Amino acid sequence: MLRTRFAPSPTGYMHIGNLRTALYGYLLARRHEGAFVLRIEDTDQARLVEGAVKVIFDTLRTAGISHDEGPDVGGEYGPYVQSERKEIYLSHANELISQGKAYRCFCGKERLDTLVDKRGIAKYDKHCLGIKPEESKRKADAGEPYVIRQLIPDGETSFQDIVYGEIKVSHSDLDDMILIKSDGMPTYNFANVVDDHLMGITHVVRGNEYLSSTPKYNLLYEAFGWELPTYIHLPLINNESGEKLSKRHGDASFEDLLKEGYLPEAVVNYIALLGWSPKSDREIYSLEELCQVFDLDGLNKSPSIFDKVKLAWMNGEYFKKMDPGKFYELAEETLKNSVKAPQVDLKKVAAMVQTRINFLHEIPPIVDFIDNIPEFPPDLVVHKKMKTDIPISLENLKNAYASLETLKDYSDAAVHLRLFSLIAELGVKNSQVLWPVRTALSGKPTSPCGGTELCALLGKDETLKRIQKSIEMLEKHVQSLAR
Ligand code: GLU
């Protein structure tokens, strides 16, 4: 069975790249009916951040990414937590010592600080490998502080990565890395390998910053006699300036994006396509659909650019296809803050704006005319293409007023019927009546719907009041021209 995992270190926020790693691991497991495991890699106790595990949990839940197993916490699966598995790593490290594949190192910081290889990179010189096993044990038993190091044998290793192909390294470039620190805690590098094996992980999906450490991990697999997993190292995600996406550069985390008004499902869809391409031009995929189509062939090797303009467009697409009831739920607060006119049906306003926005915060300036119609210049009642003038628009407005004044039913359909019969009666173009009416009701060159819908939305009293006000304004204007 295919098994993947997401193994975040609890940093306190969810970097978009990490969420993508989680997503790809999840999609791969779902696509192949495998299992997806969540493991918190918190062995670096100095860098623990309070509440960080909750951020991971909440993010994954909001993104719809669920894991399949783990310790029972209040009726649901918790994550596996490395700091609770300390003994497991220590016993594995001791096993390697007994086989001569790892050794205790008693060197102090001062000595270590002086050790660099010919490239100037810190590299341990295997000094403590010279200590006889009995002596090493005696020193440890006497309480001398030590770390356990992996013994990198001479030679060369190569391995296959699904994204990067064959990677070859000479062991002389690899450091005898620390497996167990002096506080008895494992390093990330060691715990990660032991857990991936013990948890039966078949496919390791992670960022490409681990590509260069992977040969060392593979030597650990070899030392234990374990089977290697399939590696899928993901290329970087860059921001628009071509820098690696990071909080340090002020780039948004998943949480920040939600605060900025992006929908979780749009973000998930967008990041699925950051580094993976489906076999078609289609861009909108729900999480369920991604679970059906995600495959390793579509992974790209080149870094992807996190393009917020594209993400904003995708957000708008998600609003467009959202169930109207759900959209109303999301938009209700914004609508209530923007439209106070009691006769206006906010559900109708919601329906008008649903297809016109990328963000909820774009709603207020679209609907502000409902409560307060702005002053507008007289020539706004003449559409550029109408080939008419202000007096003609004024005349048509007066006719519209007379027609609508006697109308009782102010539904969109009834207003529509009435205005279209007026248009037929006058023998004018539709726009010659509808444009001035729409302008008189909205005071804007664009509005979220046409004139007849606006009449229905505002109701009879407000409609007539606004048309009358425009008539007066236009009359004054025409008179001033005549003088
Ligand atoms: N704990 C590592 C991180 O947060 C995980 C790397 C891996 O997936 O192997 O980057």
Side-chain angles (χ1 to χ4, degrees), residues 2-29 34-49 51-57 59-60 63 65 67 70 79-86 88-89 92 150 159 161-164 167 177-179 181 185-221 226 228-237 244-248 251 253-255 271 275 296 299:
L2 184 148
R3 289 173 62 86
T4 59
R5 61 13 174 220
F6 178 45
S9 303
T11 56
Y13 80 106
M14 183 68 82
H15 180 274
I16 285 300
N18 282 348
L19 185 60
R20 181 186 65 172
T21 300
L23 178 65
Y24 285 7
Y26 169 81
L27 294 177
L28 194 59
F36 176 66
V37 170
L38 175 61
R39 183 173 77 224
I40 305 296
E41 300 205 326
D42 60 347
T43 54
D44 192 348
Q45 297 283 304
R47 289 175 55 195
L48 284 192
V49 177
V53 175
K54 186 170 168 359
V55 171
I56 294 167
F57 238 81
T59 303
L60 294 180
I65 299 172
H67 55 285
Y80 294 112
V81 180
Q82 284 187 330
S83 59
E84 293 164 8
R85 298 163 57 81
K86 199 171 146 184
I88 299 177
Y89 313 117
H92 278 84
Q150 174 182 13
F159 71 97
D161 181 82
I162 292 283
V163 177
Y164 289 89
I167 308 281
M177 69 173 177
I178 298 176
L179 306 180
K181 294 178 275 188
M185 270 291 188
T187 53
Y188 149 75
N189 296 306
F190 188 52
N192 182 273
V193 169
V194 172
D195 277 347
D196 277 348
H197 169 73
L198 295 181
M199 294 176 187
I201 302 305
T202 60
H203 290 67
V204 167
V205 183
R206 64 180 162 218
N208 71 359
E209 63 270 35
Y210 294 99
L211 200 56
S212 61
S213 304
T214 301
K216 290 190 278 195
Y217 305 156
N218 289 343
L219 290 170
L220 285 172
Y221 276 92
W226 296 337
L228 288 184
T230 298
Y231 289 111
I232 300 139
H233 285 93
L234 303 174
L236 289 180
I237 304 178
K244 180 180 168 204
L245 203 64
S246 80
K247 203 171 170 70
R248 209 154 37 89
D251 297 315
S253 66
F254 181 65
E255 258 184 310
I271 62 172
L296 295 176
L299 291 173

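Both ligands and their constituent atoms are indexed starting at 1 by order of listing. All of these numbers come straight from a predicted model, not from anything done at the bench.
To the nearest 0.5 Å, atom CD1 of residue Ile56 and atom CZ of residue Arg39 are 12.5 Å apart. Separating the CZ atom in Arg5 from the CD1 atom in Ile201 is a distance of 6.5 Å, to the nearest 0.5 Å. Note: His92 NE2 to Arg85 CZ = 9.5 Å, rounded to the nearest 0.5 Å.
Taking the six-membered ring for Trp and the full ring otherwise, His67 and Phe57 have centroids separated by under 6.0 Å.
At the shortest separation from atom 4 (O) of ligand 1 among protein heavy atoms lies Ser9 N, 3.0 Å. Regarding atom 10 (O) of ligand 1, its nearest protein heavy-atom neighbour is Tyr210 OH, 2.6 Å. Among all protein heavy atoms, the one lying closest to atom 5 (C) of ligand 1 is Ala7 O, 3.0 Å.
Annotation for ligand 1: atoms under 4.0 Å from non-hydrogen atoms of Glu41 are 1 (N), 2 (C), 5 (C). In the vicinity of Asn192, heavy-atom distances shorter than 4.0 Å reach the ligand 1 atoms 7 (C), 9 (O).
At a 4.0 Å cut-off, not a single heavy atom of Glu209 sits close enough to ligand 1 to count as contact.
A heavy-atom distance below 4.5 Å is found between the side chains of Ile65 and Leu19.
In the candidate list His15, Gln82, Arg5, Arg5 is nearest to atom 9 (O) of ligand 1, counting heavy atoms. Looking at Tyr217, Tyr188, Phe6, Tyr231, it is Tyr188 that brings a heavy atom closest to atom 6 (C) of ligand 1.
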Walk me through whether Arg206 and His233 qualify under side chain to side chain donor-acceptor pair (under 3.5 Å). CA-CA 5 Å; Arg206 64 180 162 218; His233 285 93; 3.0 Å; yes
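No hydrogens or angles considered: a donor-acceptor pair under 3.5 Å links the side chains of Asn208 and Tyr164.
Polar contact check, Val204 against ligand 1: no nitrogen or oxygen pair lies under 3.5 Å apart.
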